> 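Can you read through this structure? Questions will come right after.
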Amino acid sequence: MDKKDEKEKIGVYVCHCGTNIAGVINVEEVSTWAAENLKDQGVVISREYKFMCSSLGQELIQKDIKELGLTRVVVAACSPHLHEKTFRNACKGAGLNPYLCELVSIREQDSWVHTDKVAATEKAKAIISGGVSRVVYHEALEPLHVPIHPATLVVGGGIAGIQAALEIADAGFPVYLVEREPSIGGHMAQFDKTFPTLDCSACILTPKMVDAGNHPNITLLTYSEVEKVDGYVGSFVATIRKRARSLREADCTGCGICWEKCPKKVVDDVFEAGMGNRKAIYVPFPQAVPKYPVIDRVNCTYYIKGTCKACEKFCPTNCIDFAQQDEILTVEVGNVILATGWDLFDTRRITQYGYGRLPNVFTSLEFERMSNSAGPTGGNVVLRDGKTEPKVVGIVHCVGSRDKNYNEYCSSICCMQSLKFAHLVKEKTGAEVYNFYIDIRTPAKGYEEFYHRLLEEGTHFIRGKVAEISDATRLPSEEGKLVIQVEDTLTGNQLRVPVDMAILSAGLEPRHDSKALAKLFGISCSADGWLIERHPKLDPIATMTDGIYIAGCVQGPKDIPASVAQGAAAAARVMGKIQQKEIALEPVRATIHEEQCSGCRICNNLCPFNAILFHEDRMVSEVNPALCQGCGTCVAGCPAGAITGTGFSNEQILSQINGLLLLNVPKKQAVAA
Amino acid sequence: MTDKPETKFEPVIIGFTCNWCSYRAADMAGTARMKYAPNVRLTRLMCSGRLDPTFVFKAFAGGADAVLVSGCHPGDCHYINQNYKAMRRFHLMKRVLVQMGIEPGRLKLLWASAAEGAMFAREVNSFVEEVRALGPLNWNSNHVHTADHVMSVVAEGHEHEAEVAA
């Protein structure tokens, strides 16, 4: 196992990492040991150095490659996730194929986690022995080059998706913007004012929506959903279902006569959050982009009873088409940005807060619609009866967030949203406002100042988690009111606060179908349902799947500025990819040796990326290297051993195991761990 | 292995980690300077799905006292669901180990996310203690047996399996 025909010349480099490694591991001893005991493996030089990753350390390696003709390099230092690239590039600089370098971790896996210096030193020897045994079987590899299709698919037409689409389109590249609802705009279109500047949400959003709708580089696909995605970075093929609007868009002028004449009223659960009605043929809101309405076939009288057709009768351009079918489109794109946003926490789940049972308990989205001058109450803050102004309003923070029973995470926007509500209520009604909070979190620019403004405005802040909202009154002063029961944790007093209206500042949750979305695009999703970024700090936009990026609340709760920033950042990443025209992929891939393949097709079903094709004519399977992500499951699963996993071949791993067990070392030197 | 009576038995454990979650959990334990027993030597695979059962048996045959297999939590796999394949193989390997006369407790499966450094360190410690209690395996020197002995081990294994099935 440890011998090949021609012997490799291996250099071993042990890093002190200051005292990070050398403080626990006797690096001199390890280095000498490697030179003496791994000679048979091909080690011709073993050195230790203070900081191997410094330019001097790298030059040391490069010099040896050139002067001693090293064919393999093993660096014993930190985790490969930190400096594998550094040392591979150093080898490349000296003319050695970068994949012939192996980095073994004696810092994260040894010196940092062990205190026994002798045991740690012995373990370092074993780890290096494993690396040396493995590197013998490394192969010179070349990265795979794949071309990048210039078009991009953006899924989700909220503010994050719109921003991303506009950035890419402005740079001159085509974008398909897919939105499930009849109009783009997302949740931001529902809001009244935006914190902390209180500018009107529609005023700042509508121009962007119009830009996206008119942009020559953006193909807007609303009332549409992605059904299937095939391919890989550079050339994805997405199948999109464009649901039938039941009218011919080319002829429609958006004049609005149809929805005026439609006799069927429907409660609008989506845009108006159940606060208002729409017609069976409708645009969700007046500034909708595109301007064309849709017929809601579930509620339309014609689709239920077969008669009516009022819209068709009155349509001046005769564009209604009851028989229209869904359209299936296939588009080819190089990259994908997912920006599908969030769902509101269902406040009915916290029964003691009485939402759905007590009429004057409102959700945050309901309040947004009520406060919006284009909303169902014309912007008047009134009780559920539609006319009475509240005199006392209670706003409950952290509903469904920071709560072990529902969601443990902080939804991050609710504090600021509640402060905004408090301001709007005061401005519009002059009512007394109580905010019930656990902690006030105002971490972004201008947020803390807004909080102080609210304090000065005279909003009451009570620190405590609300226990119950009830209409069971005890005192005459509570008659006809909702009573909010809470412990003021700053004074230790139990309070009963009678209010006319309670607003539940509900948390953000992942879209109910976010797991299906993750599956569709082949990316990872946390247990909560938020999509997982490649790195939580350093790569919050990319995902583990090349060519698929995430932006906005699909990644986790965030406010509008952060969503916009992520949308733009995702666009920048995509444009970078497009500009490269072709990109290099890591060559860690599986290959099937045709002459050994029996055509049993076991591997076909093991592959999660459908990267393995079966050739019926020759009865053999073949891996598409661009689709293969290199997990190696097929390599392990092949009963004939016909599949090789580059970079992680059987020889490499088995040899590393032997090395780790010190089986390649002369017996007397084999040490007890 | 030196077997001095006064020294505590220090098992040698070969660990397999996936590149994305469990290797990073080990990295995280390191970055956070969490201390654990020095008995585990890790091998990095791209995915726990890459784990060929041969690797495990070769490790035992080569003198390992135990083998640790770790991957991403179910549902978190970087390759969608390949850790489930590792899980299936894990259960199969346990059965085979019994048939070979190896205590199934010498093989451990551990799901660890990149954030679970503390858990990783804790689990390694408890596994080392468990293996220490089992004692040395010495399979490389002990695996030559008479036919009778092999058959009795196999029979015992079948019995054990029958119990599991019931």
Side-chain angles (χ1 to χ4, degrees), chain A residues 78-82 105 107-116 119-120 122-123 126-127 130 134 515 518-519 522-527 532 536 544-545 588 606-609 629-638 641 645 647-648 650 653-654 656-658 660-663 670-673, chain B residues 1-4 7 10-14 16 18-20 23-24 26-55 58-59 62-64 72-73 75-82 85-86 89 113-115 121 124 140:
Chain A
C78 49
S79 166
H81 290 141
L82 198 64
S105 172
R107 191 178 74 174
E108 280 82 350
Q109 283 175 27
D110 196 345
S111 68
W112 273 355
V113 288
H114 304 321
T115 43
D116 181 339
E122 295 309 319
K123 180 172 170 180
I127 295 177
R134 185 187 207 280
K515 289 196 172 149
K519 200 162 170 246
I523 58 173
S524 323
C525 177
S526 72
I532 298 177
M544 292 291 191
T545 304
V588 175
L606 282 173
C607 181
F609 303 104
Q629 303 283 314
C631 69
T633 306
C634 58
V635 185
C638 178
F648 292 85
N650 286 341
I653 295 164
L654 289 171
Q656 183 179 9
I657 294 169
N658 279 349
L660 288 174
L661 293 168
L662 298 169
L663 295 177
V671 280
Chain B
M1 284 297 118
T2 48
D3 250 339
K4 289 177 205 154
T7 48
E10 292 293 346
V12 173
I13 301 174
I14 294 292
F16 295 95
C18 72
N19 183 49
W20 305 98
Y23 193 88
R24 281 163 206 259
D27 272 358
M28 160 102 190
T31 315
R33 315 292 202 275
M34 291 156 179
K35 305 298 176 202
Y36 59 86
N39 304 58
V40 178
R41 300 166 189 174
L42 298 182
T43 304
R44 181 167 61 117
L45 307 173
M46 286 309 278
C47 178
S48 52
R50 173 66 182 93
L51 186 83
D52 187 327
T54 316
F55 301 162
K58 284 279 185 191
C72 308
H73 281 279
D76 282 358
C77 182
H78 175 69
Y79 301 101
I80 303 178
N81 53 17
Q82 301 305 71
K85 279 136 199 168
R89 288 179 192 148
S113 82
V124 165
N140 46 348

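Nothing here was measured: the structure is a model prediction, and the numbers come from that model. Letters A, B, ... mirror the listed sequences (proteins, then strands); counts begin at 1.
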> What's the separation between atom CE in B:Met46 and atom SG in A:Cys631, rounded to the nearest 0.5 Å?
9.0 Å

> What do the steps show when you test A:Val635 against B:Arg50 for side-chain contact (heavy atoms from CB on, under 4.5 Å), and what is the final call?
CA-CA 7 Å; A:Val635 185; B:Arg50 173 66 182 93; 3.4 Å; yes

> Within the structure provided, determine whether B:Lys35 and A:His114 are in side-chain contact (heavy-atom separation under 4.5 Å).
no

> Can you measure from NZ (A:Lys519) to CD1 (B:Ile80) and round to the nearest 0.5 angstrom?
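Atom-to-atom, A:Lys519:NZ and B:Ile80:CD1 are 8.5 Å apart.
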
> If I measure from the heavy atoms of chain A, does B:Lys85 come under 4.5 Å with its side chain, its backbone, both, or neither?
side chain

> Could you walk me through whether A:Gln109 and B:Arg44 pass the side-chain contact (heavy atoms from CB on, under 4.5 Å) check?
CA-CA 12 Å; A:Gln109 283 175 27; B:Arg44 181 167 61 117; over 6 Å; no

> Less than 4.5 Å to any heavy atom of chain A: does that hold for the side chain of B:Leu45, its backbone, both, or neither?
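Both parts, backbone and side chain.
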
> If you round to the nearest 0.5 Å, how far is CG of B:Asp27 from OG of A:Ser105?
6.0 Å

> Testing the basics here: between A:Ala636 and B:Arg89, what is the closest heavy-atom pair and its distance to 0.1 Å?
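Here A:Ala636 and B:Arg89 meet closest at CB-NH1, 3.4 Å.
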
> Of the backbone (N, CA, C, O) and the side chain (C-beta and beyond), which part of A:Gln656 lies under 4.5 Å from a heavy atom of chain B, both, or neither?
side chain

> Pick from A:Asn658, A:Leu654, A:Ile653: which one makes a side-chain contact (heavy atoms from CB on, under 4.5 Å) with B:Lys58?
A:Leu654

> Under 4.5 Å from any heavy atom of chain A, what part of B:Ala115 do you find: side chain, backbone, both or neither?
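For B:Ala115, neither part sits under 4.5 Å from chain A.
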
> For A:Ala119 and B:Pro38, which heavy atoms make the closest approach, and how far apart are they?
CB-CG, 3.7 Å

> Got a second to check how far B:Arg41's CZ is from A:Glu122's CD, nearest 0.5 Å?
8.5 Å

> Quick one: are B:Asn19 and A:Phe648 in side-chain contact, heavy atoms under 4.5 Å?
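A side-chain contact under 4.5 Å is absent here.
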
> Can you see which heavy atom on B:Phe55 is nearest to which on A:Asn650, and at what distance?
CZ-OD1, 3.5 Å

> For the residue pair B:Leu42 and A:Leu660, what are the closest heavy atoms and their distance?
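The pair with the smallest heavy-atom distance is O-CD1, 3.9 Å.
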
> Run A:Val113 and B:Arg33 through side-chain contact (heavy atoms from CB on, under 4.5 Å) and show every step you take.
CA-CA 6 Å; A:Val113 288; B:Arg33 315 292 202 275; over 6 Å; no

> For A:Cys525, which atoms come within 4.5 Å of any heavy atom of chain B: side chain, backbone, both, or neither?
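Backbone only.
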
> Given that the side chain runs from C-beta out, which part of B:Cys72 has a heavy atom under 4.5 Å from chain A: side chain, backbone, both or neither?
neither

> Start with the C-alpha gap between B:Phe16 and A:Ile657, add the side-chain angles, then the distance that decides, and say whether side-chain contact (heavy atoms from CB on, under 4.5 Å) holds.
CA-CA 10 Å; B:Phe16 295 95; A:Ile657 294 169; 3.6 Å; yes

> Does a side-chain heavy-atom distance below 4.5 Å link B:His78 with A:Thr545?
no

> Which region of A:Leu606, side chain (C-beta onward) or backbone (N, CA, C, O), has a non-hydrogen atom less than 4.5 Å from a non-hydrogen atom of chain B, or is it both or neither?
both

> For residues B:Tyr23 and A:His81, determine if any side-chain heavy atom of one lies less than 4.5 Å from a side-chain heavy atom of the other.
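Yes. Closest side-chain heavy atoms under 4.5 Å.
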
